[in-house]
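Read through the structure below, which is laid out as structure tokens, and then see the notes.
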There are 2 protein chains.
Amino acid sequence: MTTTIEDVAQAAGVSTATVSRALRGLPNVAPSTRDHVRQVAEALNYAIDSHASRLASGRSTTIGIVMPLADQWFYNRVSTSAEAVLSAGGYDVLRYSIAAPEEQTEALRRLISGKRVDGVLIINLALANADVSLMAEGTLPVVTIETDTGKFPAIGCNNVAAAQTATRHLINLGHRQIGLISGLPDDPMHFAIPLEREQGYRQALAEHGIEVRPELNVPGNFSFAGGAEAMAQLLSIHHPPTGVFALSDEMAIGALKTIRDVGLRVPEDISVIGFDDHDVAAYVGLTTIRQPVAGYGEQAARLLLARLSGEKAAGESRIELPTQLIVRDTTGPCREKGE
Amino acid sequence: MTTTIEDVAQAAGVSTATVSRALRGLPNVAPSTRDHVRQVAEALNYAIDSHASRLASGRSTTIGIVMPLADQWFYNRVSTSAEAVLSAGGYDVLRYSIAAPEEQTEALRRLISGKRVDGVLIINLALANADVSLMAEGTLPVVTIETDTGKFPAIGCNNVAAAQTATRHLINLGHRQIGLISGLPDDPMHFAIPLEREQGYRQALAEHGIEVRPELNVPGNFSFAGGAEAMAQLLSIHHPPTGVFALSDEMAIGALKTIRDVGLRVPEDISVIGFDDHDVAAYVGLTTIRQPVAGYGEQAARLLLARLSGEKAAGESRIELPTQLIVRDTTGPCREKGE
DNA sequence: AGGTGTAATGTAAGCGTTTACATATTAACG
DNA sequence: CGTTAATATGTAAACGCTTACATTACACCT
């Protein structure tokens with residue numbers, strides 16, 4: 001026996017229309033009426049049935065966030081910061097963590113065709129054409145983070161340039177044998193970021209005329225363990241690298257452990273640079289490329305909010321936020337004599 | 001111009017009732033009809049309007065997770081693991097991150113009285129009596145994690161005993177001056193966990209007849225920075241501790257940095273033990289108390305799912321999952337001669 | 001005083017499903 | 001072959017809101 005707007009209307013001695021208006025603070029309600037209705041509603045512990053409301057009004061004040069499995073620091077940080085601003089803007093958020101490409105299409109379908117939400121935020125997903133056109137055909141606002149579609153506003157950083165900066169840092173320190181701990185090539189989610197950063201790595205090598213040794217590029221899972229394993233492999237090759245660029249701080253920290261476990265010192269024997277500026281990075285002294293992770297979420301959320309409040313789509317197809325090299329203790333001059 | 005069930009019905013040449021039944025796989029639909037309807041729906045790119053469905057059926061296949069601000073590792077890990085099993089069970093999840101006690105009541109209200117969800121998962125919140133009775137008066141299934149209400153099933157660990165184990169570990173290594181990096185006493189969210197762990201710490205000291213020095217108990221924010229600051233304070237007191245128990249791994253890692261920054265060694269000069277077994281703990285060699293963080297989320301979610309599928313509430317008022325002392329490299333024998 | 005504009009409220013028609021109930025169809029049986 | 005019981009489908013009434021439109025009540029002009 002839950003309370004309906006009808007109950008409140010009766011108790012307050014007004015019509016349901018007035019209750020609806022009073023509760024939502026619409027104009028053309030006498031202040032005295034509004035206050036009275038609100039008091040009655042409060043006393044009855046009434047809350048608007050969001051589903052009925054959405055059905056009648058077409059608005060659900062809910063936005064959907066679709067992203068890869070959220071147990072990585074990066075994704076959680078991005079989505080959490082987005083959630084915070086969306087929540088402050090009066091929206092609820094429905095989070096879909098995607099573990100496989102099929103789930104992705106399914107989730108999008110439910111969100112969009114199912115009219116579950118008023119807007120969608122996509123974080124780092126490789127969207128199939130079908131997915132994109134599904135979203136593009138409606139009027140539903142969509143904003144993406146690190147996801148290029150050519151159709152929706154995208155927030156991110158310049159991964160190529162940032163990776164180039166990271167690699168150059170190592171080169172400038174005299175390193176010539178530079179290992180790369182990259183993403184898994186056969187990842188079913190087809191993430192674009194690892195590829196972009198790999199490209200930056202190669203460009204930096206190329207501009208300094210450094211030969212690319214394929215065995216120096218070892219794939220890893222984007223996790224502490226992934227980095228540790230990849231590093232073990234790098235250590236096992238013939239001419240191991242004197243500097244290593246890991247595509248995430250988690251991987252870099254994993255690599256650090258492997259290096260130290262075999263008795264090598266950082267940065268004296270091997271330099272390591274990561275990517276992200278993970279919360280913990282400063283505490284383990286990790287040199288890294290900082291990207292404004294929370295900023296992605298906040299900006300994207302604000303953009304979405306603007307769209308939802310009727311702002312016309314401007315031409316900002318892609319917003320690139322700045323990255324920054326943060327030098328700490330895990331990189332240093334190359335001690336090895338040039339060949 | 002979105003597709004409705006009516007459109008599908010017409011296109012398939014059946015009634016909306018049949019479409020509804022066919023799409024949901026209900027019995028009493030001829031297999032041929034079912035297949036046909038499904039094909040038509042697929043072709044029309046039709047998806048059930050979840051809000052209309054909820055309004056008519058009373059079920060929303062959505063569950064709400066209410067928890068403190070999600071940018072801490074622990075909360076994200078718990079909620080993410082819960083989300084994974086809920087999602088696999090066919091439920092969507094609405095996440096509410098609470099930053100202040102007022103938001104908490106507000107969120108609960110919206111969720112419960114607003115009939116937004118079919119069930120609620122509460123993570124580590126101090127519930128006011130009003131909150132509890134709001135939830136208790138309905139029939140909505142509620143499961144809690146590290147939140148004691150006496151009304152709903154609760155998942156967690158024995159924080160007192162676990163903290164006792166941590167402290168004893170230090171004591172067994174010969175430490176007598178044991179610092180505690182605890183929670184902020186004036187936290188508006190009134191978290192219970194820090195208090196419980198503090199109690200374990202005190203009990204361990206007491207059972208060994210060790211005097212409690214109040215200046216050895218310094219509050220900190222549950223973060224890397226919070227631990228670092230608290231440690232600085234511990235280092236500044238007259239007789240600094242030779243062993244430190246930080247109530248979270250993040251704080252412990254922050255403490256580690258402060259210790260090393262002043263030129264002290266771990267564990268030779270100071271031992272540090274944390275709590276959680278954070279992902280990164282193994283990679284920085286942190287001794288800690290492991291708690292099954294993902295397990296909390298999974299168990300709670302499963303319990304909720306069971307309730308939702310009509311299982312009667314059993315008597316499991318509180319389920320305590322085991323914790324475990326994980327000794328790594330940050331704790332060692334006390335070098336200081338006894339007084 | 002009659003007319004007009006504005007503010008406050010009420011009436012009732014949807015919104016897109018689900019589902020109890022009614023009906024039509026088919027199979028099974030004596 | 002008539003009767004009965006399933007089985008398959010249709011009809012239409014909710015579900016609890018929002019909102020276009022209608023109505024009422026005033027205050028302000030002229």
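Side-chain atoms are counted along with the backbone in the values below, which use heavy atoms only and exclude waters and symmetry mates. Naming: A, B, ... by sequence-line order, numbering from 1 per chain.
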Study note, to complete from the structure: Residue pair Lys115(B)/Thr16(B) against DNA chain D: nearer the 5' end by closest nucleotide is Thr16(B)
Study note, to complete from the structure: salt bridge (charged side-chain N to carboxylate O under 4.0 Å, His left out) pairs touching residues 34-55 of chain B, sequence neighbours excluded, are Asp49(A)-Arg54(B), Arg54(A)-Asp49(B), Arg109(A)-Glu42(B), Lys115(A)-Asp49(B)
Closer than 3.5 angstrom, by distance alone: can the side chain of [X] be matched with the main-chain N or O of [Y] as a donor-acceptor pair?
| X | Y | result |
| --- | --- | --- |
| Thr80(B) | Arg77(B) | no |
| Thr147(A) | Asn124(A) | yes |
| Asp131(A) | Thr105(A) | no |
| Ser57(A) | Ser53(A) | yes |

For nucleotides 21-23 of chain D, print each protein N/O atom paired with a nucleotide N/O atom at under 3.5 Å, atom names and distance only.
none

**Study point:** Polar side chain donor-acceptor pair, Thr62(B) to Arg116(A), under 3.5 angstrom
**Key:** yes
Review point. Pairs in or reaching into residues 8-62 of chain A: which pass ring-ring contact (aromatic ring centres under 6.0 Å, His included), with residues at least two apart or in two chains?
Key: His51(A)-His51(B)
Review point. Does anything in residues 63-108 of chain A pair up under ring-ring contact (aromatic ring centres under 6.0 Å, His included), and if so which pairs, sequence neighbours excluded?
Key: Trp73(A)-His278(A)
Value in whole Å for how far the [atom2] atom of [N] lies from [atom1] of [X]:
| X | N | atom1 | atom2 | answer |
| --- | --- | --- | --- | --- |
| Asp7(A) | dG16(D) | CG | C1' | 10 Å |
| Glu6(A) | dG10(C) | CD | P | 12 Å |
| Arg24(A) | dC17(D) | CZ | P | 11 Å |
| Leu26(A) | dT18(D) | CG | P | 9 Å |
| Ile5(B) | dG16(C) | CD1 | P | 11 Å |

Check your understanding: According to a strict under-4.0 Å criterion, is Asn28(B) in side-chain N/O contact with OP1 or OP2 of dA8(D)?
Key -> yes
Check your understanding: Does Arg59(B) place a side-chain N or O at less than 4.0 Å from the phosphate oxygens OP1/OP2 of dT19(C)?
Key -> yes
**Study point:** Side chain of Ser15(B) (C-beta onward), nearest among dG10(C), dT19(C), dG10(D)
**Key:** dG10(D)
Check your understanding: Bend angle of the helix from dA1(C)-dT30(D) to dG30(C)-dC1(D) from five-pair axes at both ends, rounded to 10°?
Key -> 40°
Exercise for review: Give one of base, sugar-phosphate or nothing for Ala17(B), where a contact means two heavy atoms less than 4.0 Å apart.
Suggested key: base
Practice item. Applying side-chain contact (heavy atoms from CB on, under 4.5 Å), run through Ser20(A) and Ile5(A) and close with a yes or a no. Key: CA-CA 7 Å; Ser20(A) 177; Ile5(A) 199 174; 3.8 Å; yes
Review point. Going through the distances and angles, do Arg110(A) and Asp92(B) end up as a side-chain contact (heavy atoms from CB on, under 4.5 Å)?
Key: CA-CA 10 Å; Arg110(A) 267 166 83 170; Asp92(B) 289 337; 2.8 Å; yes
Review point. After noting the C-alpha distance and the side-chain angles of Asp118(B) and Arg59(B), does the key distance pass the salt bridge (Lys or Arg N to Asp or Glu O under 4.0 Å) rule?
Key: CA-CA 6 Å; Asp118(B) 293 344; Arg59(B) 278 165 273 109; over 6 Å; no
Check your understanding: Contacts to DNA chain C from residues 33-57 of chain A, heavy-atom cutoff under 4.0 Å, which residues?
Key -> Thr33(A), Leu55(A), Ala56(A)
